[in-house]
Structures are given as C-alpha cells and as structure tokens.
J.: 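Got a structure for you, written out below as structure tokens; questions coming shortly.
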Amino acid sequence: MAKTEIKIGGFGGQGVILTGYIIGKAASIFDGKNATMTQAFGPEARGSACSAQVIVAADAILYPYVKRPQIMVIMSQEAFTKFSPQLDPNGMILIEEELVDPKGLPPTVKVFGIPATRIAEELGRKIVLNIVMAGFFTAVTGIVSKDAMRKAIESSVPKGTEGLNLLAFEKGYEYGLGKVQAQ
Amino acid sequence: MAKTEIKIGGFGGQGVILTGYIIGKAASIFDGKNATMTQAFGPEARGSACSAQVIVAADAILYPYVKRPQIMVIMSQEAFTKFSPQLDPNGMILIEEELVDPKGLPPTVKVFGIPATRIAEELGRKIVLNIVMAGFFTAVTGIVSKDAMRKAIESSVPKGTEGLNLLAFEKGYEYGLGKVQAQ
Amino acid sequence: MPVRQREKPFGFPKPETPHGEIVILEERCKGCGFCIEYCPHDVLVLSKKFNAKGYHPPEVVKAELCVDCGFCRMICPEFAIYTYELKTGEKP
Amino acid sequence: MPVRQREKPFGFPKPETPHGEIVILEERCKGCGFCIEYCPHDVLVLSKKFNAKGYHPPEVVKAELCVDCGFCRMICPEFAIYTYELKTGEKP
Amino acid sequence: MKADPKGVLTGSHYIDGDHACCEGALASGCRFVGGYPITPSTEVVERFARRAPMVEGAHFIQMEDELAASIAIQGAVWAGKKAMTVTSGPGFSLMMEHIGLAVMTETPCVFVDVQRGGPSTGLPTLPGQADMMQARWGSHGDYEIIALSPNSPQECFDLTIDAFNLSEQYRVPVMFMMDECVGHMMERVVIPPADRIEITPRRYTALPPGEYLPFKPGPDMIPEMFKAGDGYRLHITGLTHDFKGYPAMNPEVQEQLVRRLVDKIRLSEPKIRRYEEDGVEDADVVVVTYGITSRVAVEAIEAARKRGIKVGMLRLVVVWPFPEPRIFELACRGKAFVMAEMNYGQIFYEVERSVRGRAPVVLAGHGGGTVHNIDDIVKKIEEAHRCLS
Amino acid sequence: MKADPKGVLTGSHYIDGDHACCEGALASGCRFVGGYPITPSTEVVERFARRAPMVEGAHFIQMEDELAASIAIQGAVWAGKKAMTVTSGPGFSLMMEHIGLAVMTETPCVFVDVQRGGPSTGLPTLPGQADMMQARWGSHGDYEIIALSPNSPQECFDLTIDAFNLSEQYRVPVMFMMDECVGHMMERVVIPPADRIEITPRRYTALPPGEYLPFKPGPDMIPEMFKAGDGYRLHITGLTHDFKGYPAMNPEVQEQLVRRLVDKIRLSEPKIRRYEEDGVEDADVVVVTYGITSRVAVEAIEAARKRGIKVGMLRLVVVWPFPEPRIFELACRGKAFVMAEMNYGQIFYEVERSVRGRAPVVLAGHGGGTVHNIDDIVKKIEEAHRCLS
Amino acid sequence: MSVLSELQKASLSPTPDFHPENHPMDDFLRMDRMPHIWCSTCGIGVSVNCFAKALEKCQIPLDQVVVVSGIGCTGRVAGYVKVDSFHTTHGRAIPFATGMKLANPKLKVIVFSGDGDIIAIGGNHFINAARRNIDITVICVNNFNYAMTGGQLASTTPEGSVLSTSPFGSYEFPFNLPFLAESVGAVYVARWTSLHVYNQTVSMVEALKKPGFSFIEVIAPCPTIFERQQKMGDGLDRLRWYCENSDIRNGASTKDVDIRLRDRMVVGKFVDVERPTYLEAMNAHYRERLGSKYKDYEG
Amino acid sequence: MSVLSELQKASLSPTPDFHPENHPMDDFLRMDRMPHIWCSTCGIGVSVNCFAKALEKCQIPLDQVVVVSGIGCTGRVAGYVKVDSFHTTHGRAIPFATGMKLANPKLKVIVFSGDGDIIAIGGNHFINAARRNIDITVICVNNFNYAMTGGQLASTTPEGSVLSTSPFGSYEFPFNLPFLAESVGAVYVARWTSLHVYNQTVSMVEALKKPGFSFIEVIAPCPTIFERQQKMGDGLDRLRWYCENSDIRNGASTKDVDIRLRDRMVVGKFVDVERPTYLEAMNAHYRERLGSKYKDYEG
Ligand SMILES: Cc1ncc(C[n+]2csc(CCOP(=O)(O)OP(=O)(O)O)c2C)c(N)n1
Ligand SMILES: Cc1ncc(C[n+]2csc(CCOP(=O)(O)OP(=O)(O)O)c2C)c(N)n1
Ligand code: SF4
Ligand code: SF4
Ligand code: SF4
Ligand code: SF4
Ligand code: SF4
Ligand code: SF4
Ligand SMILES: [Mg+2]
Ligand SMILES: [Mg+2]
C-alpha cells in the first residue's frame, strides 16, 4: 500500500473530526501504519471545522494535506457539493445516503451508501451516526483493521459510552460487509 | 580657534545646566560658532544631572563629549574632586571661591576664583549665582562675546527676571575683568 | 415551560392598537426561535420547512393578532424578520 | 506654623514612661527635618554642622525628654536615627 | 538527570503537535504555565490546564494578557519551577519586552510560538513561518536566544524537552517555533518511559549565601542560579548589573555583561547546533528548510531528483543560533542553495550571508496560509541548479 | 505641498535632538501625539505637550501605556491627523504588535525610538544603537518598514519631516531611530520658513464612495486613503483583506496583500535610499555607520588617514530599506568594510550579506552606554585594511 | 421612559421604495458580507440589531458614526456594520477609539467588542478611558468566555464554569463590570441581557446621547460554547433563563450586582451622572489658564 | 488597635552585639548599596522604614520574604531591601509576583512600587490580581506623578497639577485607588500618608497577615518634582500639610475618598473583608470536583 488519502465531510455536530481521529488513531496506533490527520478551521477556532483529512501510509507521511483523496466519507449535501470534485476519479465515496444525493460523479467512482443517521437513531442515540459511518468505512475500504478500529473507538469515546459506540460500529460494519458482498 | 572643551560642575540647584546652555547658545546662536552641549544624567532622568559639557568650535563638532576640558567652571567641592583630574594641565579653572578649595592642581593650571554666591546674594537672589559665574566666565575666557552672552541670557531666563540676570552677569563680568587685569 | 413573564423582566411596552404586517426573510433565518418564543401574541410558529442553510424559519399563523410591536424584529439576530404598520383594512 | 495636631491625624500612641537614648547616624542623614519636626517632645533640633553630603543632621537638645516613642526612627527616610530604652538611671 | 515519572505519559498517543508540546513540557519537568489563549496555540495550554491538577506540583494560570503571561512564568522560575508560556504571532509581539527581561536576568524559560499567517491579525487559523526573525531580534537591545523548529507532533514532544534542557543549560529563554500545521496535525507520538528521558536540572549554586555571586560567570560563561526563599536574599534586576546583581549603569559593566550574554550563545553554536542532512554530500543543490516546510520540501526534492537534479536537504532543527559555518562550508564546495520557508525571506538572509557569495541562493517563499506548493519548490530547485551552470 | 506655518517655529534655536524632533513633527504637520514617558525620549512629548495648545488642531495625550499610545495614533490617523508616538527600547518592544497593525492597514505614522542601552531596562540614561534590527523585524509576520537615523539635533528636525513624508508617500509606519546622545545633545537647529518646507500630503482618494476600493493598489503599488467621517463607510481590519478591505482568509489573498506590502518598499529602495558618502571613491576601507556613531567615526577616519590608510565613509541616513546594491558595488571594487555601530552586530549582518563575500567586513561594535572610543574604530579600520593585503 | 415609547412609535411603515425582500436595517449592514459568522441563537446579532435601531433613533448621520472593535466573535461587529469601522487588535479598541475621537471630536465613536477583549486583555484601557471620561460609548457583549478562540476562561467567567482552560470548572472570581466601571468614573452604566432588546436599545440611545464614557454590558448567550459547556441548552433556553432569573433594578448599587453562574441576575441602568468629558475639561482648563491665546480645540 | 501598642512596645533595647554605628534595621537593608538614590525629604524611604518594622513585627523569616518592584523611584525599593528582591519591568511587578507566589505559596510576596507603575501601565494586572485574590500585598507609593522619568502626568495626578506633560496644569481626572481596589475585590485596602508612620506600619502588618490581595496606598511627597512643580515646598512642608489636611476615617466608603489637589484628604483603613484566596478557592474547588484523586497544590 502506498498512500491513501481520505477526506471526511459533514456539518458541525455530526462528529466529522472524531471519525477522522478514530481512523487515524486506528491506523497509526493499532495497525502500526502511519496516519496524519488534519482539519479545516473556520475563522479563528470555534469548532466550526467540518472536514477532516486523513492520510494513511506504510511509510512516513511528508506532505501533510490531502491533495486528491481516494476515499471520501460524506455526511451532508453541502459537504458533497464542496468536496466531491476533489475526489480521485478512480476513488470511492461513502455517503450518508439519506442526507446525500451523489449526483454528478464520474462513472469511475465507486459509491457506497448507508442510512447511518437512521441506524444511529435506531440505537437510540443519533449522535453515534459517525461511529456507524466508521464501521461502514472499515468494512468497505479495508484501509484499517476492524480490530484496530474497535480499539480506537474504545479509547476515544467518553467513558461509559463504549458499549453503545461499539454496537454502532458493528452495525455500520455489518451493513458495509453486506454492501461489499453485494457488489 | 580650534576646539575648546568646557566642563561645568556643581550641585543640583546651582543652575549648572543653564550655565552650560547659555554658553552654548551664546556661542552657537549669537557668535556664529558651533557649540555642542551635553549633560550627565543620573539614574533615569530626575534632573539630578550635575555636570554640563560644552564644546565650542569654529568648525563642525563631531565627537559629542568632552574628553579633556581646557576650561572648567566648578561650583562645589564635590564637583571639584570628581572632575578636576580631567582638566587639561594647561587649562584654566574657574571656581566659586567660597565653596571650592582648589587643592592638588598641577601648577600649570590657571585658577580664577569668584565669590559668586555672595555676589548673587547681594543682588538679592542667590539663584543667580550661575549667571554671575557666566559673566565671570565671559570675561576670563573670552570664548564667547559679551554681547552674545547677554543675548543668550535675555532669551533663556524666565520672563521678568531679565534685568536681574543681566545685572548678575555684569557683576560677574566686571569681577572677571578685574581678575584678568590683575594677572 | 415556565410561565412567561413578558411584561416585567424585559420591559417591552404594552401592545398598542396598530395592526402589523410581518415580513420574514426566510433565507437569512437561522431558526433560533427567538421571534416565535417572544412574540407577545404568539403570531409565529416554527415552520416545518428547511431553508437552504438547513434551518426552520418561522411561519405566521395568527397574522391578525400582530400588533406591530416590533419585538420580533428587534430580537432577531439575523435581521430576518420585520413588521410594518398596516392601515386598518389594508392588505399589502 | 500651625498648631500641631499630633495625637489625632497620624494617630501615634500616647507617649509612655520609658526613657529613650537617641542614636543619630549623622553621615546618613539628609537633613529632612522630619524627626525634628515630629518628635512629640521637641527633643531634637537642626544642628549647624554639615555632614559630608552637605546636610545638617539633627542634634539632641533635650535628651532627658525622650520617651523612646520611636517616632523619629520610624519616620526617618534614611535609617539615620533610632532610640532604645534606657533603664532608669542608666547611661549608655 | 532523568525525568520525573509523574509528568511523563509514557505510551503511544494519537495527538496533535500542540498536545505533544504540552506533554513534552510536562515530561521535561515544566510545572508552571502562564498562558493567554490565541489560535492556533491554545490547545497547548488547554491540555496543560486539564493535566495540571493531576500532576503534583503543576500549576496552570490563564493570565489577563500576554504581557502578564510572559512575566508570570519568570516569577515562577525564580521561585523554583520550570515554566513556559505559549502564544502565536500577535501574542508573541506582546511578549518581546519580557524576552529581553529573561535574557538580561538569565532566566531559563520557554516561549512557544505556534506561527500563523501575519502580519497583524492576518490569518489566525492558517500556518505561517514569518516570526523567525522576530524570535531572534524582536526585543530591544542586543542579545542572543536559542530557537528550535519541530516538523511533526513527535518532534513537538521531543524538541520541547530539548528546549527546556537548552534553556536550563544556557540560562536563556528558548523560542519554540512551531506553526499552525504542525500544531494542529495529528500523528502518532511515542512518549518513552521517564527513565529514558534526559533532563537538564537547573544549575543551582552549591555555594552558601555570602560566597555566592549570582552573576559571576562559571567556566562556560554561565553563572549558577539560586531561587527565592533559599536564604540568599539577593537582588535581580533588568538594569545592567554587576556580578552581585546590583545595578551598575556604566559602559564598562554593560560591556562585560551584555557581551557575555551574547557570547555565551554565539560561542556555543557548535554545541547547540542541530540540523539534519540528507543527500547533501553529493548534491548540487541544497534545500535549506525547517519546520513543516521541511516535510513538503522532501517531496519537492524527490520530484527534482526524478528530473535528474542532485538535490540534498539541510533541515534546521535549531534555527538560532544559525549554523553559519556549515552553510559556508557547503557553499565553498560549490553547491547552490534553495531556502524554502513560509515567508518572503527571513532565514533566507542568513543563508545569503553565510554563503559569502560562494553560492547562489534562491528563495522559495510565500506568505503563508498553507504549506508550499511542491512545484514551486521544484521550480526554485531548477532555478538554483541553472545558476550553477 | 508646503508646510502649514502654524506649526513651524522658524528661526535658529539652541535645542536638543528630542526637542528638534518635536519641532520637526510639528513642521511636517503632525497634529497628534500619543505618548508614554520613557527616558531618554520623554522630552519629545514634553515639548509637544507644551506646544500643542498653541498650535491649532494639535493635540497631545499621554496614554496609559505604550500599547495604547501606539494605537491611539492610528485612530487619530484614520480620523485625518498626521500622528506619531515616541518611546525608547522597552516601550518600543511593547509597540511591536501595533507596528504590525500599521503595516497591515497601511496607516501612515511615525514611531520615534530614542535608543538607550539594552536589553531590558539596561542603561536608561545612556546611548545605544541596538534596536535597529528590532525596528525591521520586531513584529510578527512578514513586512517592510522604513527607518531613518539622524546624527545631530538639526537632523532630528530635518529627518523627522522626511519620516512623515515617507510615511505618507508609502503608507507605511516609519521608524525614527534616534539615540540618547543625539536626543539629549544641544546644538543649533535652524528651522526654515514654512514655505521652504516640503510636505507630502496624505494620499486621499478623489473617487466617490461606491467607486473607491480602499486597498486597491495604485500604479506605484500604494492604495489611496480615506478617512472616517467622509461618507465612505468602509472597513479596515488587521486580518488579511481584499481590495474592499474585507477579511479574506485564504492563501491567495494573503499572497496578493502581503507580497505587495513587502514589495512596495523593497522595489522602491532606489527611491527611498539615502546615504552620505565621503571619500569612498578612492578609499580602500569604507566605514559604514549611522546616527551618532557616524560623527565619532569621522574622527576615527581622520586619524586613520593620518596613519596613511585611505578610508572613506558611507553614512546611512535611511537604514531600512538597506542600500544593499551600493554596498555590493563598493565591495566589487575591492574595498574593505568596517561597520561601526553601538551594538554587537546588527546592520553589520546586512553589510556582510550585501558584500557577498567580495570584501572583508569588520565590526566595530560595543554594548552602548557611551559612544565609541575613537581608537577602537581606528583599530578596526587597520584590521580591515590588513585584510585587503 | 419616553425613549421607549418613541421607539415603539418608530416601528416603520412602508416607504415608497419599499422592497419586502430587504430588511429595513439592510442599509446599515454590509449585505455583501452576509451571512455573518455568528452561530444560531448567539446573542451578538441581537445587540447589533438593537444598535442599528438605536442609531436610527438618535438620528446621528451614519457618515459620522464609527464602530471600533477588537478581536473576537463580538469583535467581528465592525466588519458587518456599514459605517466607517475598524477591526483593530485584541484588547485595543478603546485606545484606538480614543485617538480617533480626540482627533475628530465630531465623530460619534462606539466601541463594540467582547468581554475578553474589553476587560481581560483590554482592562487597562477600559479603566483609563473611563477615568478620562473620553466621549465614547462602549458596548460589551459579555458571553462569559473567549468564544472566538474556542471557549476559554475570561475575567468575566462566573465561578464554577467549565471551559477549555477551566476543564473542571473555574475557581476564579469574575469582575463585577458595572461596579468596576463606576469606580473608575463611567458616567453611564447599564446592564441588560440579549432578551432585553428594548431596554438595550433605550440604553444605547441614552448612552449615545450622553457626553462622556458610557458603558453597556450585554449578557448574551454563546450557545456553541458557554451554554453547551455548562449544559444550559441553546441560546433560546438561555433567553428563557434570563427571562425567569433577571431582575430589573434601575439605580441598584453597582456593588450588589455581581453575577453568579446559576443565581438570579440584576439588570438595569445603574449609573447616570454628569461629569465634564475629557475635551470639555481640557478646553475649559486651557481657556482659564491660557486665556485668549487659546482657541478651543475642535479636532 | 492592638498592633499599634505592640509596635510601641517593640521599640528596642540594646542587644549584646549592639553597635551604635548601625541602625537596628541595617540587617534588612543592602548597606553596600547605601546611600539610596531617593532625594532628601522624599517619602519613599519612610515607607521602606515602616515596611522593615512591619516585617519585624510579623516575625516572618526574612528568607521567605520576597519584594517585587517595577520601574520607577519607588521601583528601586527592591534594590535596597536585603531579601530576595526582583526589579522587573515597568508595570509588571504584579504578574511577576503572581507567578512567584503561585509557584511557591510558602513565600511572602510583597509588591512595592509606584503609582505609575502599578496603576497606569500596570492597571490591568492590578485589577486582575485583585479579582483573583492572589495572596500578595501591594504597597503603592503614590506621589501623584512619574518621578523617575522627571515628572509626568500619571493616572493618579490630581486635576490641576503642573507636570512636564501637563505644563499648564492637568485636566484629567485621577483614579480613586481605594474605590477601584474595592470594586475589583481587594480584601484589604488602606491609605495613609508618609506622616502616618504608625498607621502605615499597622496596615502593613495587617496586610501581611491577611490572606489575599491587600493594598496599601501611601501618599508621599516627591519634593524634587511634584511638590516643587505645585509650589508646595519640600517634603517637610508637605508633611505639615498632610498633618493639617488629612482626616482619618477608617471604614469610610471608598467612593468618597477621591483626592483633589488642595482639598482635605481622607486616610484610613477602608476595606477589610474575607474572601478565599485564589489558591484556597482552587484547592477547595478541585477537592470537591476531583475528590481523592486530587492532592492539594502546595507549590
Ligand atoms: C494579542 C492577541 N492575543 C490573543 C488573541 C486571540 N484571541 C482572539 S479573540 C480572543 C478572545 C475573544 O474573547 P471576547 O472578547 O470575549 O470575544 P467573544 O469571541 O467572546 O465575542 C482571543 C484571546 C489575539 N487575537 N491577539
Ligand atoms: C515599558 C516602559 N515604559 C516606560 C518606562 C519609563 N519609566 C520608568 S519609571 C516610569 C514611571 C515611574 O512612575 P511611578 O511608578 O509612579 O514611580 P515613581 O518614580 O513616581 O516612584 C516610567 C514611565 C519604562 N522603564 N518601561
Ligand atoms: S411585531 Fe412581531 S412580536 Fe410583535 S406582535 Fe407582531 S409578530 Fe409578534
Ligand atoms: S428571530 Fe430571526 S433568525 Fe430567529 S427564528 Fe426568528 S426570523 Fe429566524
Ligand atoms: S523616640 Fe524620637 S521622637 Fe520619640 S521622644 Fe525620643 S527623640 Fe522624640
Ligand atoms: S529624619 Fe533622618 S534624615 Fe531626616 S533629619 Fe532626621 S535623622 Fe536626618
Ligand atoms: S462561538 Fe459563541 S459567541 Fe461566537 S458566534 Fe458562536 S455562539 Fe456567538
Ligand atoms: S524624584 Fe521624587 S520620588 Fe524620586 S526620589 Fe526624588 S523626591 Fe523621591
Ligand atoms: Mg466573550
Ligand atoms: Mg509615582
């Protein structure tokens, strides 16, 4: 594996940054690869960042920003409009399928959709939609190992919510496996 | 005339700086020479300066400080102790003779004394002792013209005190003339 | 929700008689609900629709009760709502 | 000079009975006159002599009146004067 | 001396440069931070604020402004703590007077500047590298400091320890020159066990009160230190002072004191010097760079190599004092230089000066806001290469 | 434009450099001074405080600190006044953030720094020349300023006028770098009649509101100005901003804006350049110097000439931007350089850089507190001369 | 409270060039910069709205109005109001405004900025400008934190507040701003919350009309940070809280109006006294001392 | 006033190693730096004398005492007292002291500096340290001007005073320092003149003993500048003036104690209240929030 560039977009409150963080942490701490995560800040720093960028590679990562992501995880239409043009034409895009209508993509792009918000709501906490998405990402992309992701989630979410989050992860993961097998 | 270096010393309140200022102004503004005056400051700037240095020259003055004064005007014993060693052995020293005992000078130095304080007191304002001294200086050294000094005094002392100050100047000047003739 | 103490704590004046026409600039709205909550005559409610920014703007439900008090206009952080006085019987 | 209002405005305590011996470190003195002016028993006066700095230090004129109140010591900006208690009859 | 395990969060962490800097400080024994929030540096103090209550003897205070922050730490140092303050451009500008104070009183402490785009409020959330000369020259009067520049979160940890150690070693404020990109980038940071972290202890005097002179230089030009409360009852002043620490305002003492302050760093340059070279020996063109730009430069160098140019890199880890002799040496060997930095020429001038006309020097610079475009550096490498022929 | 006679005290005066600077400011139309006392600069504002009530439209305010002083003047400038602030090292350090603001907002104004011995509180009543690099680099981010250095009270008058004029011409803060010696020295100062004093008016736009863009550069890279209250209703910010003056935080606008701020001065160096040469053409050794040191250097040069060395002098009147091309030209002609300044090497580095290895450069420097010992400069001239052979 | 009923009457009726798609205050805003950056339910926009209304009421020509801000969320106000407006450095809006006002006393200068800006880093300028009675109006949106930088402790943060630099709750005592302002000589001091839009507006009108240093503290929600960290809901919840928990006590002794995190809060107009402004005092003083030689300074 | 009579009793009797050529306080002074730079009849030395006495009374070991000064004539105090002493930068003694005290709470930290230093350039630190109730004592010698720099207007200069930057008399209003100090939360506030040596000393003792931010303003003559410029004679004349024109009013409302150039002046102890110090509040807070995980911070 050379270098994989991942971009995650959505609106504030969807946990975009945490998703990026978990992927980066899983790859770098638990999978023994290298992973660099950066994020876009609004004016000064009011937590208005709504995109996260992760680069995963076996070798050292030098250039810190994502130039042409091979993988995108998109959770809002606005983010789709803003970011999808940057996607590698041979890349893949993972979308929250009830919030994003993936129109206008080159035909070479692989699109995987998941109703992550609904799944999260079914689990009783809409807030875990990003973890559902992370599970989905793990299954679909194979960039990080499932085990590493589970560990990254366990060590990153607030104490007491590990169970719920791992459940959300599994839901997303299973949904992803299904999608992959379907293709 | 090449360059004449003058140092004036005394204690705070004797008007040391004003004396230097008047000499400098007379030479530079009214006699058409060049004159650079500098003063020593205490810690920060509380007006505790007690020496003034004037360089008078026909040509441009470059080095700003007095290195080896040819003329000293000394109004206190402390100043005498501190400054007299710097005096050019062929120079002259003008002293407030009731306050300064000019011991230990090389025999080549010319000493001129005046009881400036007493003369000032006789004029009713002890504060003009420095102007008495300025008059004395004018007569004895000839570095600046009498006329220039009178103009410098007139334009430098507080309004309303010009008469008294010019009188003080004349007293000192006369006293000086007497001394010079005596020698 | 607690009992509203409208008159007292934030001292806006007694509604007067004029009748107000309400203009809502929906695209500016950020759905804060301030105008809805503090309209003294409950003229407004949160609409179901989204504007382009993804917020629910207010919707006029009891237009006839608006007294043009201007509170909604004053409290709107987005300059997204205002009213003006309608002469009796007038419809804009 | 105005009437001295010693007791009141700067509230130092009533003189007590002990007798004080006064030490003046003349060379430190800057002749401010504070000790002289505010000694409650006018024990001190300005001397005629000069110290090396050119100031007139105080001089004890009514040693026997000193009650060791310490005011002179406390008000001296130069740490130039102090007193200590003499046991009755003692002379240092 | 080994690090105190209480402050060392041994393990692998996925954190950003700001957080890593905080951990580096804790590991190196820093127990006092006086801060004032400013993007993109705030996370350093935020982490310290959260960690302090759990690390014995550690205290965080958010001061009312940067003036206060930059002198509160000096009070803490003289009371015995290791201390730092953290800021970005506008705040750094406000700290200049107190950098001078720390220099003059030889107070070991660390100033972290997470650089953003400037001048003035500029680009608060975007990276810059334009405070490098300020770090060296921003306070009045003549002095020397030490400045380091990390290029990854891991280095933010590692070099913060070095910053503290150098500061104690030389009794000089050390400038830790990060940038927004490094500060906000998350990567794996490995924190070793405490007993593998080397710490320079404060150089306290062993002499008893009375014998000890607080500004009498030791053999390496550096005086030993004392702290308040130890019974020395000494005086410290920002005025020109003698060995006793007493104000002595005359040109002779000034010459003695300030020349030493300057020379203790200048003459130690060979010891403080730290840079990384890659492929410099047989290179035609050497790219000099530091901080985040050094990572981008590597990609440019690889690209240029592919185009057949022999390019090497000299990455400054310690930026001040500047390794002038090494640059000159390389210049003498006929190499051309590209200075890659996020500004319109700062360290570039140092390189220009150091080559003494022996080599072309080309600036690959821009105003900040993002890292370099790799092509831009490549073009400059080509330009420098053309100069050679 | 000619000076307004109201501020011009035509005649011959026996005053010190501080007072002369104040008169220069008044003559050049300065009608607002925000100050904070500090030795040895205080006399400038003291005189202004005394003169202001008698000069129509002039106002002096002593602010609560230097931060306030250095921004109050910028408020005054945008309200239509010409304005300056006055300080010395420690206060200058506190003004650094606002120098950056003036640069970014292109606010014409003058910062007077009467240099004393540093660093820190240093030698408050004695001269220094060690804020020269600070004047250029003391604020964060990349920028350029103009700096002048007078060597006599007369020049304190004359060059203050130039400082204001350059500031208006280039819309840049101008640093007026005096020193304690020049500031406190009394000499004859001749103030010409108002109609012989040339004043650069503020470059107000003639465009009506709506058409005028406050940061759109003119042909010389400099935008025209407006003032508050004139109906333009525009916005000024220290953030990176576009032609409209609106914040635009992205690398492209940053590049456009900050590069222009830098280039408007760099590219104008040939026009701003000002130095005095004496005997340089046939000299073997050129003494580069500025401010009070230039007067002392003349004596040293005369002494060295007596010893048979051909010495010339290049005295910098404008120190920043630095006349690098001229130094290089002289270096190419085989001359050696002595840099005489009251510090341990500041402008020295610029000379070193500019000669590009073509000439030896020797520093005649010291820590301040008094002017150079003439012999010390002579020795350095001899040393430089020896390098030639 | 006559201004209040006046305000009421001012509620507008359509003019001939009436465009329903524009807000009557659009003229006062830089519409080409909208939408502004303030979060939904943030209180800053409310105060800008009140300020627009107050200016209208005062009938000061907008060409003469200057708004000066420092740095912060509130500091962005200068960027949105279509008057001559200056976005200066963090904490230094007041001395900039001082220079501007003194250079041209005809200008109406308003400082509009945040609590951190005005009274943490800018504290010294605040107290000295008030002391001098510089004729400016200072509107301080107090959201109890440094919002722009992501929510740190401020000099106004009530004890016990959780913020990023007080992660376990703050233990510092906050300033009581009206007390401080009065102690240094402000001639007009009022405090309102974002809910008190009429009162805020009335105070702004009074402050703008009053010569001298006037100060209005507006307690405003910062839902994104402060309210979220304190688990106080969003700005609307906070307005409801203000509604229930604020007591209007005009003329209350400023000593008694300090704010605690969860206690009732006193709002009102606390100080309204007469004192010559800096320039009035100066002109009077110079007239007396210098006599006819002196011409009144008018900029 | 029990401390007062105690003070009285403390008047010393000769000890075995009694040397009449030494002053009993010489041990407290850097005798190798004497004579000090203060002018004859200047009030600064008087306060140093009182301070020496107060320290003696408090029986705080001198090894634990730290004096921090800024820059100014009064700022030189740090250079003359033989304790660990720090002469910092102009205006920043308080934050330096804050850092020192928080780094080692066992130290007794006193800020001794001038009015310009503490409340003009240093105003922001003053108000914030008081607000936080940092456990330090601030002694401010108020001579109504910047003396060290030759006598300029300060934030404390009474209206009408002639100084070098107010050559025709000042027209600014000065701070009322006790009122300001109280408004920002100082727990102990007193004002005395140089003449009130006992009261000054008693206040210093009380302040040193009191946990928290204590503030003592000493009105002192600066004969070389202030008194000379106002034609008020020398320091002795000024002491006489204080004697006639000062009213001791302990507990006076600080609002009423502002100073005018030639009016009677109120002195006394104005504020003496209890409030947890910064560190007390912090430790209590963390104990409560973090429980047994938290060990009290002791430096
Ligand atoms: C000198 C300086 N220090 C720090 C900052 C960073 N900074 C920007 S805004 C801000 C605080 C803003 O707080 P406040 O004034 O309360 O405004 P709010 O965002 O809460 O409205 C800070 C600390 C800066 N820009 N400049
Ligand atoms: C940053 C800075 N600004 C200005 C000065 C100059 N300065 C030295 S002392 C002083 C004022 C001292 O006044 P005050 O604190 O009242 O002390 P005093 O001399 O009256 O006792 C000033 C302005 C300085 N040293 N540093
Ligand atoms: S003006 Fe607004 S707030 Fe008032 S009644 Fe009408 S809709 Fe309700
Ligand atoms: S107050 Fe304004 S922004 Fe809020 S809901 Fe009403 S219209 Fe929308
Ligand atoms: S101790 Fe001093 S003041 Fe008291 S009585 Fe004796 S001499 Fe007078
Ligand atoms: S108080 Fe001290 S300095 Fe003053 S006269 Fe008395 S002994 Fe001398
Ligand atoms: S962060 Fe807070 S203060 Fe800033 S805009 Fe959002 S809600 Fe308002
Ligand atoms: S100048 Fe004034 S304050 Fe300074 S030592 Fe002299 S009398 Fe005291
Ligand atoms: Mg705020
Ligand atoms: Mg003072």
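On a predicted model such as this, the values are computed, not experimentally measured, just so you know. Convention: sequence-line order gives letters A, B, ...; per-chain numbering from 1.
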J.: So which part of E64(E) gets closer than 4.5 Å to some heavy atom of chain H, the side chain, the backbone, both or neither?
T.: both

J.: Between G238(E), A228(E), G245(E), G231(E), which has the largest tally of heavy atom pairs under 4.5 Å with chain H?
T.: A228(E)

J.: Please flag which part of M63(E) lies under 4.5 Å from any non-hydrogen atom of chain H: side chain, backbone, both or neither.
T.: both

J.: Heavy-atom cut-off 4.5 Å, strictly under: side chain, backbone, both or neither for T88(H) against chain E?
T.: both

J.: With respect to chain E, which residue among S85(H), A97(H), A103(H) yields the maximal number of heavy-atom pairs within a distance under 4.5 Å?
T.: S85(H)

J.: Which bit of Y286(H) is near chain E, if near means a heavy-atom gap under 4.5 Å: side chain, backbone, both or neither?
T.: side chain

J.: In terms of heavy-atom proximity below 4.5 Å to chain H, should K244(E) be classed as side chain, backbone, both, or neither?
T.: side chain

J.: Whether the side chain of D84(H) engages the backbone of R233(E) through a donor-acceptor N/O pair (distance < 3.5 Å, no angle test) should be reported.
T.: yes

J.: Side chain, backbone, both or neither: which part of I121(H) has a non-hydrogen atom closer than 4.5 Å to chain E?
T.: neither

J.: Who wins among N104(H), I127(H), N128(H) for the most heavy-atom pairs under 4.5 Å with chain E?
T.: N128(H)

J.: May I ask you to check if R30(H) and Y246(E) form a cation-pi contact, with NZ or CZ under 6.0 angstrom from the six-membered ring centre and within 45° of the axis?
T.: no

J.: Counting N and O atoms only, with roles assigned by atom type, does the side chain of H235(E) sit under 3.5 Å from a partner on the main chain of A78(H), one being a donor and the other an acceptor?
T.: yes

J.: Report the distance from atom CZ of F60(E) to atom CE of M282(H), rounding to the nearest 0.5 Å.
T.: 12.0 Å

J.: Side chains of M104(E) and T89(H): closer than 4.5 Å at any heavy-atom pair?
T.: no

J.: If you measure from CE on M100(H) to NZ on K81(E), what distance do you get to the nearest 0.5 Å?
T.: 12.5 Å

J.: Would you call the rings of H59(E) and Y278(H) parallel, tilted or perpendicular, where under 30° means parallel and over 60° means perpendicular?
T.: perpendicular

J.: Using non-hydrogen atoms and a 4.5 Å limit, figure out which bit of A58(E) sits close to chain H: side chain, backbone, both or neither.
T.: backbone

J.: Where does I73(E) contact chain H at under 4.5 Å (heavy atoms): side chain, backbone, both or neither?
T.: neither

J.: Can you say whether D65(E) sits under 4.5 Å from chain H via the side chain, the backbone, both, or neither, judging by heavy atoms?
T.: side chain

J.: With chain H as the partner, which of T105(E), L101(E), I61(E) has the greatest number of non-hydrogen pairs under 4.5 Å?
T.: I61(E)

J.: At a heavy-atom distance under 4.5 Å, which candidate from F96(H), Y294(H), F86(H) has the highest pair count against chain E?
T.: F96(H)

J.: Under 6.0 Å from the NZ atom of K210(H), do we count more than 12 heavy atoms belonging to anything else shown?
T.: yes

J.: Out of L102(H), V67(H), V81(H), which one racks up the most heavy-atom pairs below 4.5 Å with chain E?
T.: L102(H)

J.: Could you tell me which of A83(E), A68(E), P53(E), P247(E) has the largest number of non-hydrogen atom pairs under 4.5 Å with chain H?
T.: P53(E)

J.: Sort R132(H) into side chain, backbone, both or neither according to what part of it lies under 4.5 angstrom from a heavy atom of chain E.
T.: side chain

J.: Inspect the surroundings of NZ in K106(H) and state if more than 12 heavy atoms from other residues, nucleotides or ligands are less than 6.0 Å away.
T.: yes

